[in-house]
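A short worksheet on the structure shown next.
Treat the numbers as computed from the prediction; the structure is a model and nothing was measured.
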Amino acid sequence: MAAPSEVVHVRNVGPEISENDLRELVQPFGNVTKLVILRATNQALLQMVDVAAAVNLIQHFMDVQPSVRGRNIFFRFASLQEMRTMDRNGQGRKGWKQACFSLLRCDPETYVPELPPTSPDREDSDQCSRFRKVVITMGASILIVAGVIVLIYCSNYF
């Protein structure tokens, strides 16, 4: 389990669950300063006003199973200490990149920076989805090239 922080990871966030639904659910524990729903992975990251609010939220939902629109959701501390948002000039992208890297469990050094968000309100889910497609495409390309090399190598012996 990650160390307590202001940032909370939410799992099983289906397409029927909105940002307002999540805000209303966690409002009794404190204000939400940032919230990002990663639609492609049915997950969300939310940042509470302070660590104490996040701790109270996590402790409460250890004993009570939260449900939103008929779907059970799960809370835990995120590995992030804080979420950063992207500005219009492309500065400060660490927030969504960090979310993508932690959810995809991939190395930030392999990130392809040429993927701009399609719109400001869907930047996180689109970025993660596009990033995952690039990684899958690169993996498939490597397998195809390896297969061709094996065929060429083997054809020399037959």
Side-chain angles (χ1 to χ4, degrees), residues 1-88 90-140 143:
M1 179 184 251
S5 73
E6 296 174 4
V7 183
V8 177
H9 175 234
V10 189
R11 292 183 298 121
N12 203 30
V13 179
E16 69 278 5
I17 298 174
S18 69
E19 285 188 16
N20 286 337
D21 293 331
L22 289 176
R23 285 182 191 277
E24 287 176 17
L25 180 66
V26 302
Q27 186 63 38
F29 305 98
N31 289 332
V32 176
T33 57
K34 295 177 183 152
L35 174 63
V36 175
I37 295 179
L38 304 165
R39 294 283 179 206
T41 58
N42 285 342
Q43 299 179 58
L45 293 171
L46 59 90
Q47 184 169 327
M48 300 299 289
V49 69
D50 58 25
V51 175
V55 168
N56 290 337
L57 169 75
I58 299 292
Q59 286 178 342
H60 176 76
F61 288 125
M62 286 178 137
D63 299 327
V64 177
Q65 175 60 61
S67 178
V68 177
R69 298 186 184 266
R71 183 183 281 255
N72 289 342
I73 59 174
F74 305 92
F75 293 92
R76 67 178 182 180
F77 290 111
S79 57
L80 302 171
Q81 290 300 310
E82 103 179 89
M83 292 171 58
R84 297 186 191 145
T85 55
M86 181 175 22
D87 66 15
R88 298 282 181 212
Q91 301 298 317
R93 292 182 169 190
K94 198 166 191 170
W96 67 263
K97 277 189 351 189
Q98 197 71 23
C100 289
F101 296 143
S102 74
L103 292 174
L104 292 171
R105 292 177 177 79
C106 61
D107 181 8
E109 301 304 320
T110 61
Y111 169 68
V112 180
E114 295 83 39
L115 298 176
T118 54
S119 68
D121 57 329
R122 292 188 46 96
E123 66 192 16
D124 295 302
S125 60
D126 287 346
Q127 285 291 354
C128 286
S129 175
R130 294 171 103 190
F131 182 70
R132 185 180 297 109
K133 287 177 187 173
V134 167
V135 170
I136 290 170
T137 302
M138 287 172 50
L143 287 175

Are Leu22 and Ile37 side-chain neighbours, meaning at least one heavy-atom pair lies under 4.5 Å? yes
Closest heavy-atom pair, Ala54 versus Ser5, reported as atoms and distance to 0.1 Å, is CB-O, 3.2 Å
Criterion side chain to side chain contact (heavy atoms under 4.5 Å, CB included) against Val8, the qualifying member of Leu57, Val55, Val26, Val32: Leu57
State, to 0.1 Å, how close Gly30 and Ala53 come at their nearest heavy-atom pair, and which atoms those are. CA-CB, 4.3 Å
Ignoring hydrogens and geometry, is there a side-chain-to-backbone donor-acceptor pair from Asp21 to Ser18 under 3.5 Å? yes
Measure the CZ-CD1 distance between Arg69 and Ile17 for me, rounded to the nearest 0.5 Å. 8.0 Å
Starting at CG of Asn42, measure out to CD1 of Ile73 and round the result to the nearest 0.5 Å. 11.5 Å
Working for ring-ring contact (aromatic ring centres under 6.0 Å, His included), residues Phe29 and Phe75: CA-CA 13 Å; Phe29 305 98; Phe75 293 92; 8.5 Å; no
As an exercise, state the distance from CD of Gln27 to CE of Met48, rounded to the nearest 0.5 Å. 7.5 Å
In Val36, Leu46, Leu35, the residue satisfying side chain to side chain contact (heavy atoms under 4.5 Å, CB included) with Met83 is Val36
Within this structure, what is the CE-CZ distance for the pair Met62 and Arg76, rounded to the nearest 0.5 Å? 12.0 Å
Determine, stepwise, if the pair Val10 / Phe61 fulfils side chain to side chain contact (heavy atoms under 4.5 Å, CB included). CA-CA 11 Å; Val10 189; Phe61 288 125; over 6 Å; no
Is there a side-chain contact between Glu6 and Val51, using heavy atoms and a 4.5 Å cut-off? yes
Between Arg11 (side chain) and Ala44 (backbone), is there a donor-acceptor pair under 3.5 Å? no
